[in-house]
Amino acid sequence: MAKLASLGTPSLSLDLSLQSGQAFHWVREGEGWIGAIGGQAVYLEQRAGELWVNSEGAAAARDYLALDHPLEAVHASFPQDPTMQEALRFCAGMRILRQPAWEAVATFITSSMKQVAHIAQISHTLRRLYGERMEWGGREVFAYPKPEVLAVLEEADLRACALGYRAKNLLASARLVARGEVDLEVVRALPDDAAREELCRLPGVGEKVANCALLFGFERLQAFPVDVWIERVLRERYFQKKRKVTSARIRSFCATYFGPYGGYAQQYLFHHARLTWGKK
DNA sequence: CTCCAGGTTCCGG
DNA sequence: CCGGAACATGGA
């Protein structure tokens, strides 16, 4: 095994951050994880709080793991209600990863009506077939395929990756991005609402996927994706049962109640609900 | 077998 | 603005 560099002992749970349905390609490797950060093969490991990374991946890892996010302030900003505080205890140390924009947009286009395990399967298939191949410690690692690469495929190629009806959307979106008709660097410079609107021009990107992309790929930490799990939590814990709750009502509630780090709050609620709902 | 999954889009009230 | 239905695939 090649030499590792220490990134110190940041306030971080590496496992939670890599295994909470934000990114879908990290693979267990011994005591740690192996995967790609953009075009860099990276090995990560956390032992007794100390974070280790292959030296070539150190800079990328520091950025990707968002070690500069003020995690204590994020935690302190959450509302004090019991549901939120329970999720916080369950997820403390989880960070919102700073992922490449296209990777976030594309993987969440493929996520609709799919379980996390299957999103991961799709991600691995796409990477292996169409992503840049790298290597670390004798292990193959694949980058997420660039839009220009996907853009020249046929729909059947993507259907063969088990994308189902999402194949058409991923292909069309890749073509729009590759042609520059939707420019993700322009999106990055827009304020949240305008950025969301621009992302929704991509086929297969509605409000939920756009919010995932904003949160995971554009560092908009207030973006609050509402999926089936979050909606379940909200209806059970934040709204009176028996009352009809419209999506518009949910949207306006989430936009303010969870505060400036609403995206973090959402991710903690999501992960906690998904792993504990209906158990014990 | 049935049910459901980090939804989007289109269509009729 | 709202609720329904179609859309693919595989894990539970």
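- Among the atoms of the strands shown, only primed sugar atoms or phosphate atoms (P, OP1, OP2) are found under 4.0 Å from some heavy atom of A/Val205.
- The aromatic rings of A/Trp102 and A/Tyr144 stand perpendicular to each other, their planes meeting at an angle above 60°, with 30° marking the opposite boundary.
- The separation between A/His271 atom NE2 and B/dA5 atom P is 17 Å, rounded to whole Å.
- A/Leu202 places none of its side-chain heavy atoms less than 4.5 Å from the side chain of A/Val209.
- Looking at heavy atoms from C-beta onward, A/Phe90 lies out of side-chain contact with A/Leu269 at the 4.5 angstrom threshold.
- Computed from coordinates, the A/Arg249 CZ to C/dC2 P distance equals 12 Å when rounded to whole Å.
- Atoms CG (A/Leu202) and C1' (B/dT9) sit 15 Å apart, rounded to a whole Å.
- Between the CD1 atom of A/Ile119 and the P atom of B/dG7 there is a distance of 7 Å, given to the nearest Å.
- Within 4.0 Å (heavy atoms only), A/Glu231 reaches no atom of the nucleic acid at all.
- Of the charged side-chain nitrogens involved, at least one lies within less than 4.0 Å of a carboxylate oxygen, so that A/Glu198 and A/Arg201 count as a salt-bridged pair.
- Distance, A/Ile109 CD1 to B/dG7 P: 14 Å, rounded to whole Å.
- A straight line from CG of A/Leu275 to P of B/dA5 spans 14 Å, rounded to a whole angstrom.
- Residues satisfying the salt bridge (charged side-chain N to carboxylate O under 4.0 Å, His left out) test with A/Arg133, not counting sequence neighbours, are A/Glu135, A/Glu140.
- Rounded to an integer number of Å, the gap from NZ of A/Lys208 to C1' of B/dA5 is 11 Å.
- At the heavy-atom level, A/Ala248 lies under 4.0 Å from the strands shown only through sugar-phosphate atoms.
- Using a 4.0 Å heavy-atom criterion, one finds that A/Thr110 contacts no nucleic acid atom at all.
- Inter-residue side-chain proximity for A/Leu44 and A/Trp52 is flagged as unmet; no heavy-atom pair is nearer than 4.5 Å.
- Each of A/Phe216 and A/Cys200 was matched to the nucleotide of DNA chain B holding its nearest heavy atom; the match closer to the 5' end belongs to A/Phe216.
- One interatomic measurement links the two molecules: CG of A/Leu170 to P of B/dG7, which rounds to 16 Å at whole-angstrom precision.
- A 4.5 Å side-chain heavy-atom check between A/Trp277 and A/Trp229 finds at least one atom pair inside the cut-off.
- Among the heavy atoms of the strands lying under 4.0 Å from A/Gly204 are primed sugar atoms or P, OP1, OP2 only; no base atom is included.
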task: Quick one, give me the B/S/- string for nucleotides 4-12 of chain C, reading 5' to 3', where B means a protein heavy atom under 4.0 Å from the base and S means that only happens at the primed atoms, P, OP1 or OP2.
output: ---BBBBS-
